There are 2 protein chains.
Amino acid sequence: MEKSLEDVIHNLMEEMFIIQNKSNEFMKILTHDENLSENLVLLLLRLKLYRHMKITEISEAFMLTPGAATNMCDKLEKLDYVERIRIKDDRRVVRVSLTKKGEERVEAIFSKFSKEKIESISSMFMEINKLFKKNEY
Amino acid sequence: MEKSLEDVIHNLMEEMFIIQNKSNEFMKILTHDENLSENLVLLLLRLKLYRHMKITEISEAFMLTPGAATNMCDKLEKLDYVERIRIKDDRRVVRVSLTKKGEERVEAIFSKFSKEKIESISSMFMEINKLFKKNEY
DNA sequence: GAATTTATTTTAATTACTAAAATATATAAA
DNA sequence: TTTATATATTTTAGTAATTAAAATAAATTC
């Protein structure tokens, strides 16, 4: 039986909002008790993962203007969680990376999960990404 | 071979950010060319799906204070996309719902996707939610 | 070496958000 | 009933996040 356009849109939204709720729930656990905004926590994690990022990369990852990215880094720099290094090959570029204190903060953020929990969430995310790869919008 | 805690955290973040990127990409397509913030678009869609929402429900869905939810509704009301109705059983509660113009706007938002595209994205989202159900954080 | 491009920062203004007080209705207890 | 307490939303005033555009500075091109 053929579904109407109305129905398929309805289905899409239904599934989309379940995902949004689940995603909010996860972010709430991850950033819970952290006195940092969600984006600042995510920036710390990205810096942990990628080792260093340019301001433009940060602004793209968070869909913000470079000015806003500079501002986020200022805040984390004030807390001594990140440092800026002008790269010698091209001194226009800043390389933002975690300090020792920043690394420790990232560890603390994940300490609310057991290793087993992290592994199971991680493999679920992997499955999700397999689906993304198969389906491209 | 046993993976270190460092490694499993690394894996989790890696997969998490791919999901975040994909999600950003989708939201960009969805809200592209719309002169409304991402959250205002998502609120229109939620109202389309649920028919009506209370202010407290909106604030929970978007993880905002009730004051912020009131403000979002004010903006959409000014555009004549939503209306507020005090429910008669309990006049403290407002029921926010789409106007005819709001319904049309939601249709317009989805007109950037073909029916087939919507169906395929929808079934991918369904698969993702099956994974969520199996895995609970 | 002058003009153009690229990367980041700064500035000023706007927008989004929060916390807390105010308003209004509902419920419960005396 | 009155009074107190609880619930739902709105208002207010202040703060935080964000943008657009100008400023700075280094790199590239012509």
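Each chain gets a letter, A, B and so on, in the order the sequences are listed, and its residues count up from 1. Quick caveat: nothing in here was measured; it's all calculated off a predicted structure.
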field: Residue pairs, two or more places apart or on separate chains, that pass salt bridge (charged side-chain N to carboxylate O under 4.0 Å, His left out) and touch residues 3-18 of chain B
entry: Lys48(A)-Glu6(B)

Table please: side-chain donor-acceptor pairs of residues 78-89 of chain A below 3.5 Å, with sequence neighbours left out.
| unit_1 | atom_1 | unit_2 | atom_2 | d |
| --- | --- | --- | --- | --- |
| Tyr81(A) | OH | Arg105(A) | NH1 | 2.9 |
| Arg84(A) | NH1 | Asp74(A) | OD1 | 3.0 |
| Arg84(A) | NH1 | Glu77(A) | OE1 | 2.7 |
| Arg84(A) | NH2 | Thr70(A) | O | 3.2 |
| Arg84(A) | NH2 | Asp74(A) | OD1 | 2.9 |
| Arg86(A) | NH1 | Arg91(A) | O | 3.3 |
| Arg86(A) | NH1 | Arg92(A) | O | 2.9 |

message: Rounding to an integer number of Å, can you tell me how far Phe62(A) CZ sits from dT19(D) P?
response: 13 Å

task: Return the set of residues passing side chain to side chain donor-acceptor pair (under 3.5 Å) with Glu127(A) (not counting sequence neighbours), or none when no residue passes.
output: Lys130(A)

- request: Find the distance Ile55(B):CD1 to dT25(C):C1' and express it as a whole number of Å.
  value: 16 Å

- prompt: What residues, two or more places apart in sequence or in another chain, satisfy ring pair (Phe, Tyr, Trp, His ring centres under 6.0 Å) together with Phe125(B)?
  reply: Phe26(B)

field: Residue pair Ile128(B), Ile18(A): steps toward the side-chain contact (heavy atoms from CB on, under 4.5 Å) verdict
entry: CA-CA 10 Å; Ile128(B) 290 173; Ile18(A) 298 174; over 6 Å; no

message: What is the separation between atom CD1 on Ile58(B) and atom C1' on dA8(D), rounded to the nearest whole Å?
response: 13 Å

Spacing of Lys54(B) atom NZ relative to dA24(C) atom C1', expressed in whole Å: 17 Å

- prompt: Between dT7(D) and Thr56(B), is there an OP1 or OP2 to side-chain N/O distance shorter than 4.0 Å?
  reply: no

statement: Sequence neighbours excluded, the answer for ring pair (Phe, Tyr, Trp, His ring centres under 6.0 Å) partners of Phe110(A) is none

message: Please list, in numerical order, the residues of residues 80-94 of chain B that have a heavy atom closer than 4.0 Å to any atom of DNA chain C.
response: Asp89(B), Asp90(B), Arg91(B), Arg92(B)

query: What is the distance, rounded to the nearest whole Å, between atom CE of Met63(B) and atom P of dT18(C)?
result: 10 Å

field: Salt bridge flag under 4.0 Å for residues Glu119(B) and Lys115(B)
entry: no

field: Partners passing side chain to side chain donor-acceptor pair (under 3.5 Å) against Lys117(B) (at least two apart in sequence or in another chain)
entry: none

Might you list the N or O atoms of the protein lying below 3.5 Å from N or O atoms in nucleotides 11-17 of chain D, with each pair's distance?
| unit_1 | atom_1 | unit_2 | atom_2 | d |
| --- | --- | --- | --- | --- |
| dA17(D) | OP2 | Lys75(A) | NZ | 2.6 |

- prompt: Whole-Å distance between dT15(C) P and Leu36(B) CG?
  reply: 14 Å

- prompt: Given atom CD of Glu38(B) and atom C1' of dC17(C), what is their separation to the nearest angstrom?
  reply: 16 Å

query: Rounded to the nearest Å, what distance is computed from the CZ atom of residue Arg95(A) to the C1' atom of nucleotide dA7(C)?
result: 14 Å

All N/O donor-acceptor pairs, side-chain side in residues 50-59 of chain B, below 3.5 Å, sequence neighbours left out:
| unit_1 | atom_1 | unit_2 | atom_2 | d |
| --- | --- | --- | --- | --- |
| Tyr50(B) | OH | Arg46(B) | NH1 | 3.4 |
| Glu57(B) | OE1 | Lys54(B) | N | 2.9 |
| Ser59(B) | OG | Thr56(B) | O | 2.9 |

